[in-house]
2 protein chains.
Amino acid sequence: MIEFKLDIKSGVPFYRQIVDQIRYGIASGRLLPGEQIPTVRDLAVQLEINPNTVSKAYSELEILGVLDTQQGTGTFVAHKEVEITDSEKDRMLGQICDELVARGQQYNLTLKEIYEHMQRRIENE
Amino acid sequence: MIEFKLDIKSGVPFYRQIVDQIRYGIASGRLLPGEQIPTVRDLAVQLEINPNTVSKAYSELEILGVLDTQQGTGTFVAHKEVEITDSEKDRMLGQICDELVARGQQYNLTLKEIYEHMQRRIENE
DNA sequence: TCTATTGTATTATAATTATAGTACATTATC
DNA sequence: GATAATGTACTATAATTATAATACAATAGA
């Protein structure tokens, strides 16, 4: 399970922060395939937002195949079925890191700072 | 002078991205007090957005005392210190990492893979 | 079967964000 | 003084985001 947290000051829409945090959780291995995530109502209470906003995030991830939802039961991390070739993964890896550096540059964040931030977050898991 | 760049995928409002990039630019010393920044119309053309959106960003920064505007002349960096707190910097780091690690998840990239790729880049610098 | 819990759907409302178009006031410059 | 460029102001429109309240359908479990 992961801990959800909204940054009110960031300007990033709430539903979008939830989407990103779930995907981050999967990428970090803290959310495993088949694992249940909080119910729409529970997460809404926890984050002090409207259930519709949580539902919007979950729906978006279900359409993308990231989550499986079962009415009456709950919402679960999906079992990935799409296979991606190593070469494509490598290409995306480079692209993601390029983008990380470029985004960081806009806000005077160095490659090292970003790296160390990731390190801290990995260690605190 | 700084190079402005908008991240369309981030969900962060355009005017907000402009505000932050100017603030961080001043804080880092890449924008100097008294220096002229692009005109409302020029930046709008450059970023392919509406002039009103640029104007909104500039107005907000003028209220904060970060920019001085002179009708008929242009907009200039004010003689005022801009401080980016550690917590704000941390929030920005978190936001960028969340967004891009989440984006990598689409391609089955793990946090560890991204982290290690960054490490290799640092070593090759 | 009954009940509680789950996700889902709907309608309404409001605030925010962005665009489009137009116009005006101020300033520098020729 | 005339002109061009500047920031500013205004109205209108649309899409997005978030909330509120309600209801319905599916499931698990007593």
Side-chain angles (χ1 to χ4, degrees), chain A residues 1 4-23 31 34-79, chain B residues 1 4-23 31 34-78 80 95 98-99 102:
Chain A
M1 186 46 57
F4 290 90
K5 200 175 176 193
L6 294 182
D7 184 348
I8 297 172
K9 297 180 183 173
S10 73
V12 181
F14 293 164
Y15 85 95
R16 177 62 186 275
Q17 293 187 44
I18 295 170
V19 165
D20 283 350
Q21 284 174 32
I22 289 173
R23 304 188 99 164
L31 280 179
E35 184 174 345
Q36 183 170 15
I37 62 173
T39 70
V40 167
R41 290 169 178 84
D42 277 355
L43 188 53
V45 169
Q46 183 185 324
L47 296 178
E48 296 179 295
I49 60 176
N50 197 280
N52 296 340
T53 304
V54 178
S55 180
K56 183 176 181 180
Y58 285 10
S59 299
E60 198 160 290
L61 288 168
E62 211 229 344
I63 291 170
L64 293 172
V66 175
L67 295 179
D68 281 335
T69 60
Q70 289 181 343
Q71 197 164 335
T73 310
T75 306
F76 304 84
V77 179
H79 295 84
Chain B
M1 184 49 57
F4 291 90
K5 195 178 175 194
L6 295 182
D7 184 349
I8 298 172
K9 297 181 185 174
S10 71
V12 182
F14 294 162
Y15 86 95
R16 176 62 183 275
Q17 293 186 44
I18 295 171
V19 165
D20 283 340
Q21 285 175 31
I22 290 174
R23 289 181 59 244
L31 280 178
E35 183 175 346
Q36 183 169 16
I37 62 173
T39 69
V40 166
R41 291 170 180 83
D42 278 354
L43 188 54
V45 168
Q46 182 185 324
L47 296 178
E48 295 179 292
I49 61 176
N50 197 280
N52 293 339
T53 304
V54 179
S55 182
K56 183 176 181 179
Y58 285 9
S59 298
E60 199 159 289
L61 287 167
E62 213 227 343
I63 292 171
L64 292 173
V66 174
L67 294 179
D68 283 335
T69 61
Q70 288 181 343
Q71 198 163 335
T73 310
T75 307
F76 305 84
V77 178
K80 187 194 181 186
Q95 182 182 319
D98 277 354
E99 181 195 332

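We name chains A, B, ... by the order of the sequence lines, and we start the count at 1 in each one.
For dT6(D), the OP1/OP2 oxygens have no side-chain nitrogen or oxygen of Thr69(B) closer than 4.0 Å. Between dG7(D) and Thr75(B), a contact under 4.0 Å exists linking OP1 or OP2 to a side-chain N or O. Taking side-chain N and O atoms only, Thr53(B) has a distance below 4.0 Å to OP1 or OP2 of dT19(C).
Atom-to-atom, OH of Tyr58(A) to C1' of dA9(C) comes out at 18 Å; the value is rounded to the nearest Å. Rounded to an integer number of Å, the gap from Asp68(B) CG to dT26(C) P is 18 Å. Rounded to a whole Å, the CD1 atom of Ile37(B) is 8 Å from the P atom of dG7(D). In this structure, Leu43(A) places its CG atom 16 Å from C1' of dT19(D), rounding to the nearest Å. One can place CG of Leu47(A) at 12 Å from P of dA18(D), the figure rounded to the nearest angstrom. Atom C1' of nucleotide dT5(C) and atom CD of Gln36(A) are separated by 11 Å, given to the nearest angstrom. In this structure, the CD atom of Glu60(A) is 12 Å from the P atom of dT16(D), given to the nearest Å. If you take CD1 of Ile8(A) and P of dT17(D), they are 18 Å apart, rounded to a whole angstrom.
With Gln17(B) contributing its side chain and Val12(B) its backbone, the two residues share a donor-acceptor pair below 3.5 Å. For the pair Glu35(B) (side chain) and Met1(B) (backbone), a donor-acceptor distance under 3.5 Å is present. A donor-acceptor contact shorter than 3.5 Å is absent between the side chain of Gln36(B) and the backbone of Gly74(B). Using modelled atom types, no side-chain atom of Lys9(B) and backbone atom of Glu99(B) make a donor-acceptor pair closer than 3.5 Å.
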> Which parts of nucleotides 21-30 of chain D does protein reach within less than 4.0 Å, heavy atoms only, written one letter per nucleotide 5' to 3' as B for base, S for sugar-phosphate only and - for none?
Replying inline: B-B-BBBS--
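For the side-chain contact (heavy atoms from CB on, under 4.5 Å) criterion with Leu43(A), the lone passing option out of Ile49(A), Val54(A), Ile37(A), Thr53(A) is Val54(A).
Where Arg16(B) and Gly74(A) each meet DNA chain C at their nearest nucleotide, the meeting point lying more 5' is that of Gly74(A). Place Glu62(B) and Lys56(A) on DNA chain D by their nearest nucleotides, and Glu62(B) ends up nearer the 5' end.
When each of dT8(D), dT6(D), dT19(D) is scored by its nearest atom to the side-chain atoms of Ser59(B), the top-ranked nucleotide is dT8(D). Comparing dT19(D), dT17(C), dT8(C) by their nearest atom to the side chain of Tyr15(B) picks out dT17(C).
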>> Under the criterion side chain to side chain contact (heavy atoms under 4.5 Å, CB included), I'd like the reasoning laid out for Phe4(B) against Leu47(B): C-alpha separation, chi angles, the key distance, then a yes or no.
In response: CA-CA 8 Å; Phe4(B) 291 90; Leu47(B) 296 178; 4.0 Å; yes
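Side chains of Ile18(B) and Leu6(B) form a contact here, defined as non-hydrogen atoms less than 4.5 Å apart.
Residue-level contact check: Phe14(A) touches the backbone only, with heavy atoms under 4.0 Å from sugar-phosphate atoms and none from bases.
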